[in-house]
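Read through the structure below, which is laid out as structure tokens, and then see the notes.
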Protein chains: 2
Amino acid sequence: MKHKDILNKLRTSGLRPTKQRVEIAKFLFDREKTFHFTVESLNKLLLKKITTKFALATIYNTIHAFKKAGHLNKVEVRGKRSYFDTNITNHHHFYDSDTSELIDIDVKDVIIQKLPKAPNGKKIKNVEVFINLKN
Amino acid sequence: MKHKDILNKLRTSGLRPTKQRVEIAKFLFDREKTFHFTVESLNKLLLKKITTKFALATIYNTIHAFKKAGHLNKVEVRGKRSYFDTNITNHHHFYDSDTSELIDIDVKDVIIQKLPKAPNGKKIKNVEVFINLKN
DNA sequence: TTTCACTTTAGAATTATTATAAACTAGAAT
DNA sequence: ATTCTAGTTTATAATAATTCTAAAGTGAAA
């Protein structure tokens with residue numbers, strides 16, 4: 001993803017392309033594979049690049065703005081901190097509690113044959129399958 | 001569940017039947033249906049009964065002891081606080097984010113036809129299906 | 001270039017949970 | 001029954017993730 005595309009991505013999302021946002025967007029979206037991170041891990045990774053100064057709150061702000069704009073998925077897992085996922089298609093997860101690692105599962109790899117119907121007045125928004133791993 | 005049974009349940013779990021534990025155990029397990037709660041909601045409900053004085057820490061301690069003994073399931077949901085579930089059989093959940101309510105789904109009501117295999121060296125511990133609801 | 005709404009920032013505030021250390025207590029030993 | 005002790009409870013402090021706040025900074029429209 002080129003610099004121009006990043007700027008465009010931000011602008012079309014109604015986000016002013018500030019230095020911080022551009023840096024974070026490049027870091028997150030300029031990659032082949034899907035990327036899972038927590039605010040803490042992202043902060044550490046960004047610190048190594050030092051190109052721009054980031055307050056922790058800015059990372060929170062930016063991540064939430066990206067989330068709101070639909071560029072990130074929030075994945076809440078057992079435990080305290082939230083994970084974010086650059087894969088915004090509908091998908092499922094393996095979770096390895098030993099390493100606290102999330103691994104994407106393509107929707108195609110999970111086929112659900114039977115689901116209960118939603119309680120009265122409610123509809124199903126989405127179905128998340130969470131596969132916990134052990135050794 | 002009679003008083004004696006509660007005492008027994010505690011003792012066989014290696015938990016000394018203190019006033020607090022007995023009260024909490026009665027409140028949690030002396031009911032027909034499965035019961036979902038957070039530490040906060042449980043605390044509020046117990047406060048209404050005032051029979052015994054409970055420190056918040058005691059509720060945490062007790063709930064964790066019950067969890068450890070296998071009398072409660074911990075269900076971690078999007079958001080901050082953890083839910084506990086008196087249904088300790090394997091099962092799935094509806095989650096209604098409007099009301100922050102969890103609803104049990106029997107394992108029989110979800111049939112999964114296809115699952116990916118676990119990453120190398122890992123095994124599947126369990127599969128949780130989480131159905132998010134909307135109106 | 002000026003202006004201003006949107007952003008960033010540092011630090012304080014909040015919230016859920018865990019840790020601590022002193023006071024308490026169930027039940028075994030005397 | 002009384003004493004003893006390890007397991008518990010308690011109030012409070014500590015921790016950790018996240019959100020809030022208010023002041024300073026900055027894109028970009030005019």
Side-chain angles (χ1 to χ4, degrees), chain A residues 3-4 6-25 27 36-44 46-47 49-69 71-72 74-84 100 102, chain B residues 3-4 6-25 27 36-44 46-47 49-69 71-72 74-84 100 102:
Chain A
H3 188 76
K4 277 236 166 162
I6 293 286
L7 295 189
N8 222 44
K9 183 170 195 157
L10 290 173
R11 270 195 259 266
T12 55
S13 312
L15 298 170
R16 207 148 71 184
T18 62
K19 277 179 293 183
Q20 292 83 345
R21 283 176 177 166
V22 172
E23 287 275 348
I24 295 178
F27 187 78
H36 286 112
F37 61 95
T38 63
V39 169
E40 192 197 13
S41 70
L42 177 60
N43 189 33
K44 277 186 189 158
L46 287 172
L47 279 176
K49 309 191 80 195
I50 327 175
T51 333
T52 309
K53 198 187 166 197
F54 296 97
L56 186 57
T58 300
I59 299 190
Y60 276 99
N61 290 342
T62 305
I63 293 312
H64 288 153
F66 289 174
K67 166 78 193 345
K68 203 168 176 182
H71 302 315
L72 288 175
K74 192 172 189 181
V75 188
E76 265 158 300
V77 196
R78 21 189 78 270
K80 287 161 195 173
R81 57 194 70 167
S82 296
Y83 286 72
F84 291 87
S100 297
L102 269 184
Chain B
H3 187 77
K4 276 237 164 162
I6 294 285
L7 295 190
N8 222 44
K9 184 170 196 157
L10 290 173
R11 268 195 259 264
T12 56
S13 311
L15 298 171
R16 205 147 73 184
T18 62
K19 275 180 293 183
Q20 292 83 343
R21 284 176 176 164
V22 171
E23 286 276 348
I24 295 176
F27 187 78
H36 287 111
F37 61 95
T38 63
V39 168
E40 192 197 12
S41 70
L42 178 61
N43 190 32
K44 277 187 190 156
L46 287 173
L47 279 176
K49 308 191 79 193
I50 328 174
T51 333
T52 308
K53 199 182 164 200
F54 296 96
L56 186 57
T58 299
I59 299 188
Y60 275 98
N61 289 342
T62 304
I63 293 313
H64 288 152
F66 288 174
K67 166 79 190 352
K68 204 169 178 185
H71 303 315
L72 289 174
K74 193 174 187 177
V75 188
E76 265 158 302
V77 196
R78 19 190 80 269
K80 286 161 198 173
R81 58 193 73 169
S82 296
Y83 286 74
F84 291 86
S100 298
L102 270 185

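Letters A, B, ... are given to chains in the order of the sequence lines, protein chains preceding strands, and every chain is numbered from 1.
Residues B:Leu7 and B:Pro17 share a closest heavy-atom pair of CD2-CB, 3.6 Å. In terms of heavy atoms, B:His3 sits closest to B:Val22 at CE1-CG1, 3.8 Å.
The nucleotide whose nearest atom lies closest to any side-chain atom of B:Ser82 is, among D:dT18, C:dT17, D:dT10, C:dT17. Closest approach to the B:Arg11 side chain among C:dT8, C:dG27, C:dT17 is made by C:dG27 (side chain taken as heavy atoms from C-beta onward).
Residues A:Phe84 and A:His71 form no side-chain contact, since every pair of their non-hydrogen atoms from C-beta on lies 4.5 Å or further apart.
The CD1 atom of A:Ile59 sits 14 Å away from the P atom of D:dT19 (whole-angstrom rounding). For the pair A:Asn43 CG and C:dT9 P, the computed distance is 11 Å after rounding to whole Å. To the nearest angstrom, P of D:dA14 lies 18 Å from OH of B:Tyr60. As rounded to whole Å, 9 Å separates atom P of D:dT18 from atom CG of A:Leu56. Between B:Ile24 atom CD1 and D:dT8 atom C1' the separation is 12 Å, expressed in whole Å. For A:Ile63 and D:dT19, the CD1 to C1' distance is 15 Å, given to the nearest whole Å. Between the NZ atom of A:Lys68 and the C1' atom of C:dC6 there is a distance of 13 Å, given to the nearest Å. Taking atom NZ of B:Lys44 as the reference point, atom P of C:dT15 lies 12 Å away to the nearest angstrom.
Here A:Ile59 contributes atom CD1 and A:Leu47 contributes atom CG; the two are 7.0 Å apart, rounded to the nearest 0.5 Å. Considering CG of B:Leu42 and CD of B:Glu40, their distance stands at 11.0 Å, rounded to 0.5 Å.
Scanning residues 12-21 of chain B for heavy-atom distances under 4.0 Å to DNA chain C yields B:Arg16, B:Pro17.
Every side-chain contact (heavy atoms from CB on, under 4.5 Å) that A:Thr62 has, sequence neighbours left out, goes to A:Arg21, A:Ile24, A:Thr58, A:Phe66.
A side-chain donor-acceptor contact under 3.5 Å links A:Thr12 to the backbone of A:Asn8.
Remark: B:His64 is not in phosphate contact with C:dT17, judged by side-chain N or O atoms under 4.0 Å from OP1 or OP2.
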